Amino acid sequence: MAKLIVSDLDVTDKKVLIRVDFNVPIKDGVIGDDNRIVAALPTINYVIDNGGKAILLSHLGRIKTEEDKAKLSLRPVAERLSELLKKPVTFVPATRGKELEDAINNMKDGDVLVMENTRFEDLDGKKESKNDPELGKYWASLGDLYVNDAFGTAHRAHASNVGISSNMPQAAAGFLMEKEIKFLGDAVENPRHPFVAILGGAKVSDKIGVISNLLNKADKIIVGGGMTYTFYAAKGLTVGKSLVETDKIDLAKQIMAEAGDKLVLPVDNVVATEFANDAPHKVVEGNIPDGYMALDIGPKAIEDFKKVLADAKTVVWNGPMGVFEMPNYAKGTLEIGKALGELKDATTIIGGGDSTAAAKQLGIAPQITHISTGGGASLEYLEGKELPGIAAITNK
Ligand code: ADP
Ligand code: MG
């Protein structure tokens with residue numbers, strides 16, 4: 001369903017509340033990766049270039065104690081934003097009250113204001129995270145219009161997304177939100193075929209929702225990573241010390257029966273004696289020998305998977321093919337990532353926190369059509385769930 005977009009709004013002279021996702025890695029006040037700030041710029045620039053006042057709300061980390069506040073202030077983020085926008089940004093160290101209200105009332109058209117971490121409200125009864133009705137209403141009262149550009153939090157109903165939306169006549173999607181919905185939505189609902197899903201990562205239990213939702217939509221589902229070996233056990237192969245969820249073996253059997261030859265498993269694996277980069281390791285086909293655990297897919301599996309990918313027009317990748325954090329078991333993830341990057345006329349999408357980290361670490365990110373900014377949110381989207389933050393945006 002098409003959503004109202006920020007560009008549908010007349011923002012001139014308006015106080016525009018924008019929920020952004022500034023949940024960046026931060027240590028001792030230093031921002032590690034400012035991708036999420038950069039990703040919010042198009043929406044912020046649109047509002048200020050069109051004479052609106054941009055009032056930004058975001059959470060940062062989790063606030064459980066008074067001490068967390070010092071570490072998780074949005075002040076350094078506001079400073080980085082100012083550098084990126086090349087203009088002053090007002091930071092207000094409060095989430096409510098006179099100082100905030102006065103600062104907003106003093107804004108001129110084209111000004112940008114960042115208020116303090118919305119989760120500071122969590123110290124007193126989790127008001128932000130539990131969508132306290134009074135808080136959403138109060139924040140809504142601070143602006144004329146509301147734009148939600150925080151895809152990364154869209155799977156949660158918080159005061160700063162669902163709460164504000166439900167107290168405004170309209171809620172619009174920002175450009176980042178629009179982009180996420182477009183790429184993930186098209187992949188799941190309206191893919192160009194062949195549509196191949198590559199699913200990996202640690203556990204079957206984390207990915208069951210994605211597998212079952214994509215089973216009817218994808219032409220092939222490639223399985224790699226730790227969840228492979230629960231499928232191996234379901235096939236009656238030996239698994240050695242590999243990661244296996246015994247309570248999911250029956251489910252794996254069911255999925256295999258339903259999927260038939262749609263499901264593609266690795267025929268060989270890199271197995272090691274310990275969960276350590278320098279442990280003795282080798283490639284084996286089929287059965288995993290006693291005393292060994294499978295930590296990456298093997299060279300034949302890489303070739304098989306590449307063949308499946310060769311004529312794909314849409315590829316969704318969620319979950320690494322092995323323990324990519326250790327160089328000796330990163331090859332499967334790297335080769336599959338490279339193969340994705342080399343596809344000519346295909347839309348390639350990566351969702352999932354660790355898969356995104358893997359793509360960046362391995363240097364294949366620039367070749368991917370769309371890397372989702374939301375780990376948990378993209379997973380729930382791929383599971384076919386309705387995300388409350390998106391549901392709360394006005395349909396057009
Ligand atoms: P994402 O965040 O992309 O959804 P997951 O969180 O599901 O991915 O899985 C990522 C983790 O899975 C990584 O830390 C990786 O080391 C681990 N993993 C991948 N393959 C294996 C394996 N064969 N054995 C154990 N862990 C694995
Ligand atoms: Mg993960």
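One-based numbering, in listed order, for ligands and for the atoms of each. No experiment lies behind these values; they were computed from the predicted model shown.
- Between Lys207 and ligand 1, at least one N/O pair is under 3.5 Å apart.
- With Gly225, Gly322, Ser355 as candidates, the residue nearest to atom 18 (N) of ligand 1 on a non-hydrogen basis is Gly322.
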Worked check of ring-ring contact (aromatic ring centres under 6.0 Å, His included) between Tyr329 and His281: CA-CA 10 Å; Tyr329 318 115; His281 56 274; 5.6 Å; yes
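- Taking all heavy atoms of Val244, Asp354, Val204 into account, the minimum distance to atom 10 (C) of ligand 1 is reached by Asp354.
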Stepwise side chain to side chain contact (heavy atoms under 4.5 Å, CB included) check, Arg119 with Lys126: CA-CA 8 Å; Arg119 285 199 182 157; Lys126 294 219 166 219; over 6 Å; no
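- Atom 12 (O) of ligand 1 has its closest protein heavy atom at Ala202 N, 3.1 Å.
- Distances from the Mg ion (ligand 2) to each N, O or S atom of Asp354 single out OD2 as the nearest.
- Evaluated by nearest non-hydrogen atom to atom 24 (N) of ligand 1, the leading choice among Thr333, Val323, Asn269 is Val323.
- Each of the atoms 3 (O), 8 (O) of ligand 1 lies under 4.0 Å from some heavy atom of Gly319.
- For Gly375, the heavy-atom gap to ligand 1 stays at 4.0 angstrom or more.
- Residue Lys179 places its NZ atom among 12 or fewer non-hydrogen atoms of other residues, nucleotides or ligands, all under 6.0 Å distant.
- There is a side-chain donor-acceptor pair under 3.5 Å between Thr369 and Thr348.
- Heavy atoms only, all atoms of each residue included: Leu113 and Ala103 are closest at CD1-CB, 3.7 Å.
- Ring planes of Tyr381 and Phe151: tilted class, angle from 30 to 60°.
- Only the side chain of Glu325 comes within 4.0 Å of ligand 1, counting heavy atoms alone; its backbone N, CA, C and O stay farther away.
- Ligand 1 has no nitrogen or oxygen under 3.5 angstrom from a nitrogen or oxygen of Gly351.
- Of the N or O atoms in Ala294, one or more lie within a sub-3.5 Å distance of an N or O in ligand 1.
- Counting non-hydrogen atoms of neighbouring residues, nucleotides and ligands closer than 6.0 angstrom, the NZ atom of Lys130 reaches no more than 12 such neighbours.
- Of all the heavy atoms of Asn318, the ones lying under 4.0 Å from any atom of ligand 1 belong exclusively to the side chain.
- Salt bridge annotation for Arg62-Asp68: absent, with no cationic side-chain nitrogen under 4.0 angstrom from a carboxylate oxygen.
- In the hydrophobic clustering of this structure, Phe195 does not group with Val315; members are Ile, Leu, Val, Met, Phe, Trp, Tyr whose side-chain heavy atoms approach within less than 4.5 Å, directly or through other members.
- The Mg ion (ligand 2) has no N, O or S atom of Asp206 closer than 2.8 Å.
- Between Gly226 and ligand 1, an N or O atom pair is found at a separation short of 3.5 Å.
- With a 4.0 Å cut-off on non-hydrogen atoms, Tyr329 does not touch ligand 1 at all.
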